[in-house]
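Position 1 is the first residue of the sequence, and the numbers go up from there. In this text, all values refer to a predicted model and were calculated from it rather than measured experimentally. We use all heavy atoms of the structure for the numbers below, so side chains are in, but hydrogens, waters and symmetry mates are not.
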Amino acid sequence: MLDLSKEWSISFAGCGFMGIYYIGATSCILERFPSFIQNATKICGASSGSLMATVLTVGIPLEKCCQNLMFMAKEARKHKLGPLHPAYNLVKIVKDSLLESLPEDAHVRASGRLCISLTRVSDGQNVLVSEFDNKEELIEALVCSCFVPLYCGVIPPTYRGVHYVDGAVSDNLPSGLLNNTITFAAYAGESDVCPRGSTISLHEVRVKNVSIQVNTENMYRVANTFFPPPPEVMAEICQNGYLDALRFLQDNNLICSQCPQRSLEIAAPKPFCCELPKESAEAKESSGDTQVDGAKAAKDEQECLDPQLIGKLPLNIRRGHWAPADAFCSANGFGPLSSSETSRLDPRGAKGHELALRRCWRHLQKSSACQGG
């Protein structure tokens, strides 16, 4: 039984594109038992696991994290060689995503609580870093922890002037110097939160501190780590993460039925793909500004998740995508969207508010008809 009477830490193993599993798992915990994450002394991670640890420590909305990962996978699948294609620069995509998503004081929130596993190139030793002087330094550490040699490039990135590579090379499941560590892994094995194997496995190996059962399911998961599966499969992996985390909470009697659904963001999140169109005086001053705005709009359009795909994600992740339209209806006095309406919500239509605007229009038509009668 899990002992939460003393300090505990949380650790996420590196798993590449299988990191979508962690989004589902942590969304369940934040919904059912948020203090498990909020009160953790250390949140650790290696490789893609360090990105998930950063999301939880800094407070990035999970739906934003889900969107970014889906976008990375979508871009990789455009090429025959996937992430290995020369035109696909995973390091640049990750870095750009961090620059956009991390708040300016991310290093302040992360220092002392976030632990990132790195592998020093000069001697192959593992290094855990948890203090960051600025946002750029935090991003440097994360890029180093995610840099898989040859897969991501030839020249390793640097952190504080020293070359490092993927932390999973030396320690893929760091404990943050605490014995009471709850482990997350996207592979069936002996981690606290992990998939449950549906086939019998008589063999289990430990790869850089991560327990992995030897079976065909895990072989498929390892393949998905480096070569992303279709979006529908990733959504299913996310849903499985939610169910596995729910089983973990049930097994340890940690379900908190009276806890309201929580989100990680400290301030109210800005809608990231479903904002209402706004007039910008500055955008009209020059054609150059207009082109920049057009490029940004195209990027936002490209990054929006397909509505059918959103419907396959865990409920609280879906709610994050519905929130802008829901808030629009509430702000205009029409009440929140019903579940049947949100199931049809298309975040790409009318800047994400097509359904909300139609609903408001129907309401106005009914009001006018009543007044006319």
Side-chain angles (χ1 to χ4, degrees), residues 2-3 6-22 25-26 29 36-37 40-57 110 113-130 141-152 156 159 164-197 201-215 217-226 237 241 244-245 248 252:
L2 182 64
D3 183 12
K6 55 184 180 180
E7 290 186 337
W8 72 89
S9 64
I10 301 173
S11 185
F12 296 91
C15 58
F17 290 101
M18 285 290 294
I20 194 76
Y21 177 88
Y22 296 148
T26 53
I29 293 175
F36 176 78
I37 291 175
T41 303
K42 301 281 186 181
I43 302 181
C44 316
S47 195
S48 62
S50 67
L51 299 178
M52 191 69 244
T54 303
V55 167
L56 299 177
T57 306
R113 189 165 184 242
L114 172 66
C115 293
I116 301 176
S117 175
L118 306 176
T119 301
R120 193 163 48 217
V121 173
S122 59
D123 56 6
Q125 293 298 308
N126 181 260
V127 177
L128 278 181
V129 296
S130 60
L142 290 170
V143 169
C144 287
S145 185
C146 295
F147 188 89
V148 181
L150 299 181
Y151 178 82
C152 292
Y159 169 72
Y164 293 94
V165 294
D166 196 335
V169 174
S170 54
D171 187 356
N172 199 22
L173 203 58
S175 62
L177 304 180
L178 290 178
N179 294 327
N180 193 23
T181 300
I182 294 84
T183 56
F184 287 69
Y187 314 108
E190 296 182 355
S191 298
D192 295 305
V193 180
C194 67
R196 178 174 292 178
S201 176
L202 301 178
H203 301 283
E204 178 258 341
V205 296
R206 300 194 72 86
V207 181
K208 302 302 178 182
N209 208 25
V210 178
S211 168
I212 301 178
Q213 293 178 356
V214 180
N215 56 39
E217 291 176 333
N218 271 344
M219 291 176 63
Y220 178 69
R221 294 184 182 108
V222 170
N224 289 341
T225 295
F226 298 100
I237 294 171
D244 290 335
F248 165 78
N252 289 276

Item to check | Any side-chain heavy-atom pair of S117 and L128 under 4.5 Å | outcome: yes
Item to check | Over all atoms of both residues, closest heavy-atom pair of R221 and M18 | outcome: O-CG, 3.5 Å
Next on the checklist: Taking D171's backbone N and O only, do any of them form a donor-acceptor pair with N209's side chain (distance below 3.5 Å, no angle check)?
Outcome noted: no
Item to check | Ring geometry between F36 and F184 (parallel below 30°, tilted from 30 to 60°, perpendicular above 60°) | outcome: tilted
Checklist entry - For G14, does its backbone N or O pair with a side-chain atom of N172 as donor and acceptor, under 3.5 Å? => result yes
Item to check | Donor-acceptor contact present, side-chain T183 to main-chain S11, <3.5 Å | outcome: no
Item to check | Distance-only polar pair, side chains of S48 and Y22, donor-acceptor under 3.5 Å | outcome: no
Next on the checklist: Which heavy atom of D192 sits nearest to which heavy atom of I182, and what is that distance?
Outcome noted: OD2-CA, 3.2 Å
Checklist outcome for this item: Heavy atoms of Y164 and V127 approach each other most closely as CE2-CG2, 4.0 Å
Checklist entry - So which heavy atom on R206 is nearest to which on S211, and how close? => result NH1-CB, 3.6 Å
Item to check | T181 and S175 side chains, donor-acceptor separation under 3.5 Å | outcome: no
Checklist entry - Looking at CD1 of I20 and CE of M52, how far apart are the two atoms once the value is rounded to the nearest 0.5 Å? => result 9.5 Å
Next on the checklist: Could you report the tightest heavy-atom contact between G167 and N126, atom names first, then the distance?
Outcome noted: O-ND2, 3.9 Å
Checklist entry - Yes or no on side chain to side chain contact (heavy atoms under 4.5 Å, CB included) for Y159 and I116, after CA distance, side-chain angles and deciding distance? => result CA-CA 12 Å; Y159 169 72; I116 301 176; over 6 Å; no
Checklist entry - S145 side chain to A141 main-chain N or O, any donor-acceptor pair under 3.5 Å? => result no
Checklist entry - In Å and rounded to the nearest 0.5 Å, what is the OH to OH distance from Y187 to Y21? => result 12.0 Å
Item to check | D244 vs F248 side-chain heavy atoms within contact, under 4.5 Å | outcome: no
Next on the checklist: Can you give me the closest heavy-atom contact between P174 and C44, atom names plus distance?
Outcome noted: O-CB, 3.7 Å
